[in-house]
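Both ligands and their constituent atoms are indexed starting at 1 by order of listing. What you are looking at is a predicted structure, and each value in this text was computed from that prediction instead of being measured.
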Amino acid sequence: MLMKHALAVVTGGGSGIGFAAAERFVAEGARVVISGRNAEKLQRAAQKLGENALPVVADAAIADDMRRLYETATGHFQCKVDVVVANAGVSRQTPVRDTSLEQFSDVLNTNVGGVYATVREALPFLARPASIILVASLAANQGTKNFSAYCASKAAVVSLAKSFAAEFVESGIRVNSISPGVANTPIFDSLGMTEAQLLEWSRVIPMKRPAEPAEIAAAILFLASDASRYMTGADLAVDGGMSGISPF
Ligand SMILES: NC(=O)c1ccc[n+]([C@@H]2O[C@H](COP(=O)([O-])OP(=O)(O)OC[C@H]3O[C@@H](n4cnc5c(N)ncnc54)[C@H](OP(=O)(O)O)[C@@H]3O)[C@@H](O)[C@H]2O)c1
């Protein structure tokens, strides 16, 4: 599948990695539908992307919202969906002693339930072949103090990609996950992290800097396109060396 004229749906496409992926898809000649909960943010993002982008307000963790999104996308562009990027996600500091089961479940509901609904509701609307990319994280494989909910949710996302891949391999649907390390996006605003804390994190990255969203988008484009046609059930690390290189 070439990206020219392809239809891609990117959840959480109004900012950060999702927006960068949408921007890259449009630059390659694709049409994109971006979704999120904040209508104004989506509208601004769609304006920047131009006429080949359609914003749809939809909560990724609500199945009815996702069904409506795919109906709107395929109706508007009059074709099936070639690429789904299940990117919407939240990060919260959840120190175990101070985090209720409800707060824990809230992170899991968005990051895992949202990915599940995004993929499940897409199925009747997918072209063949199709490529699904789940945005996981380096955190899937690294226990991180105060982030147990987020880490557990991302481990589940990597696992979902593998089981989805197994279930869909004979129907021409590829499913892979991508695991960014630290990328420079608004997700850190919601964590209340200071510049100094982010700099501290950057020091342990072998490449000594966070990724720009466009660098993660380049890997998402690879998984979306024919260039990765022999890949399914894989997790692609895009982390400046964090998962592969010892700090010693
Ligand atoms: N930045 C990093 O260092 C990093 C590293 C590894 C993995 N990731 C993952 O990358 C993905 C994108 O994050 P980002 O860093 O680009 O941060 P971001 O700019 O905050 O993007 C997250 C997007 O998800 C949307 N979203 C959140 N909950 C949603 C829901 N229930 N339904 C629909 N949309 C929802 C948000 O839009 P609304 O507020 O409008 O809903 C937002 O546009 C996330 O899954 C994140 O976990 C990020």
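- Note on ligand 1: Thr11 sits outside its first shell, no heavy atom being nearer than 4.0 Å.
- The hydrophobic cluster containing Val10 does not contain Phe125, counting ILVMFWY residues as joined when their side-chain heavy atoms lie under 4.5 angstrom apart, directly or transitively.
- Ring geometry for Phe168 against Phe164 counts as parallel: the plane angle stays under 30°, on a 0 to 90° scale with 60° as the upper cut.
- Val90 and Ile62 are members of different hydrophobic clusters when ILVMFWY side chains are connected at heavy-atom separations under 4.5 Å.
- Of all the atoms in ligand 1, the ones that sit under 4.0 Å from a non-hydrogen atom of Ala58 are 32 (N), 33 (C).
- In terms of protein heavy-atom proximity, atom 22 (C) of ligand 1 is nearest to Gly89 O, 3.7 Å.
- Residue contact check: Gly12 has heavy atoms under 4.0 Å from atoms 23 (C), 24 (O), 25 (C), 43 (O) of ligand 1.
- Here's the thing with Ala60: one of its N/O atoms is less than 3.5 angstrom from an N/O atom of ligand 1.
- Those atoms of ligand 1 that come under 4.0 Å of a heavy atom in Ile17, given as number and element, are 10 (O), 16 (O), 48 (C).
- For the atom pair CD1 of Ile173 and CG of Leu123, the computed distance is 5.5 Å after rounding to the nearest 0.5 Å.
- The closest approach between a heavy atom of Gly13 and any atom of ligand 1 is not below 4.0 Å.
- Residues Asp239 and Ile205 come closest through the heavy atom pair O-CG2, 4.0 Å.
- Polar contact with ligand 1: absent for Ala61 (N/O pair, distance under 3.5 Å).
- Using modelled atom types, one finds no donor on one side chain facing an acceptor on the other under 3.5 Å when comparing Arg229 with Ser131.
- Taking only non-hydrogen atoms, the option from Gly16, Gly113, Ser15, Gly14 nearest to atom 21 (O) of ligand 1 is Ser15.
- Counting heavy atoms closer than 4.0 Å to ligand 1, residue Ala139 contributes nothing at all.
- By the criterion of a heavy-atom distance under 4.0 Å, both the backbone and the side chain of Asp59 are placed next to ligand 1.
- Between the side chains of Asn87 and Thr11, no donor N or O sits under 3.5 Å from an acceptor N or O.
- Contact analysis leaves Ser190 out of contact with ligand 1, as no non-hydrogen atom separation drops below 4.0 angstrom.
- Close approach of ligand 1 to Val182 is summarised as follows: ligand atoms under 4.0 Å from at least one heavy atom of the residue are 3 (O).
- The pair Arg31-Glu51 does not meet the salt-bridge criterion, since no charged nitrogen lies less than 4.0 angstrom from a carboxylate oxygen.
- Applying the 6.0 Å contact sphere to NZ of Lys208 captures more than 12 heavy atoms from other residues, nucleotides or ligands.
- In this structure, the protein non-hydrogen atom closest to atom 40 (O) of ligand 1 is Asn38 N, 2.9 Å.
- Close approach to Phe188 involves these atoms of ligand 1, each under 4.0 Å from a residue heavy atom: 1 (N), 3 (O).
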Inset, instruction - For the pair Val158 and Ser179, evaluate side chain to side chain contact (heavy atoms under 4.5 Å, CB included) and give the outcome as yes or no after the intermediate values. - result: CA-CA 8 Å; Val158 172; Ser179 284; 4.2 Å; yes

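- Closest to atom 11 (C) of ligand 1 by heavy atom, among Asp65, Asn87, Val157, is Asn87.
- Counting heavy atoms from C-beta outward, Glu28 and Lys4 have side chains that stay 4.5 Å or more apart.
- With rounding to the nearest 0.5 angstrom, the CZ atom of Phe25 is 11.5 Å from the CG atom of Leu49.
- Side chains of Lys41 and Ser15 form a contact here, defined as non-hydrogen atoms less than 4.5 Å apart.
- Residue-level proximity to ligand 1 for Ala136 is carried by the backbone, the only part with a heavy atom below 4.0 angstrom.
- In the hydrophobic cluster analysis, where Ile, Leu, Val, Met, Phe, Trp and Tyr join through side-chain heavy atoms closer than 4.5 angstrom, Leu69 is grouped together with Leu134.
- Interface of Tyr150 with ligand 1, defined as ligand atoms under 4.0 Å from a residue heavy atom, comprises 6 (C), 7 (C), 8 (N), 9 (C), 46 (C), 47 (O).
- Among Asn111, Leu69, Leu42, Thr185, the residue whose heavy atom lies nearest to atom 15 (O) of ligand 1 is Thr185.
- Considering each of Arg37, Glu40, Met66, the one bringing a non-hydrogen atom nearest atom 39 (O) of ligand 1 is Arg37.
- Atom 13 (O) of ligand 1 has Ile187 CD1, 3.9 Å as its closest protein atom, hydrogens excluded (heavy atom only).
- Closest protein heavy atom to atom 34 (N) of ligand 1: Ala88 CB, 3.4 Å.
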Open item on the list: As a quick check of understanding, evaluate side chain to side chain contact (heavy atoms under 4.5 Å, CB included) for Ile220 and Val85, giving each step before the final call.
Closed with: CA-CA 8 Å; Ile220 292 175; Val85 184; 3.9 Å; yes

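- Gly181 O, 3.0 Å is the protein heavy atom nearest to atom 5 (C) of ligand 1.
- Closest to atom 10 (O) of ligand 1 by heavy atom, among Leu138, Ile216, Val135, is Val135.
- The contact set between ligand 1 and Gly36, taken as ligand atoms under 4.0 Å from a residue heavy atom, comprises 33 (C), 34 (N), 40 (O), 41 (O).
- Nearest non-hydrogen protein atom to atom 36 (C) of ligand 1 is Lys41 NZ, 3.8 Å.
- Of the charged side-chain nitrogens involved, none lies within less than 4.0 Å of a carboxylate oxygen, so that Arg68 and Glu71 do not count as a salt-bridged pair.
- When each atom of ligand 1 is checked for a heavy atom of Ala183 under 4.0 Å away, the hits are 1 (N), 2 (C), 3 (O).
- Ligand 1 lies out of reach of Pro210, whose nearest heavy atom is not under 4.0 Å from it.
- Taking a 4.0 Å cut-off on heavy atoms, Phe19 fails to register as neighbouring ligand 1.
- Between the side chain of Asn111 and the backbone N or O of Gly89 there is no donor-acceptor pair closer than 3.5 Å.
- Remark: the backbone N or O of Val135 is paired with a side-chain donor or acceptor of Lys154 at under 3.5 angstrom.
- In this structure, Ser91 falls outside the shell of residues with a heavy atom less than 4.0 angstrom from ligand 1.
- With a heavy-atom cut-off of 4.0 Å, Thr110 touches ligand 1 through its side chain alone.
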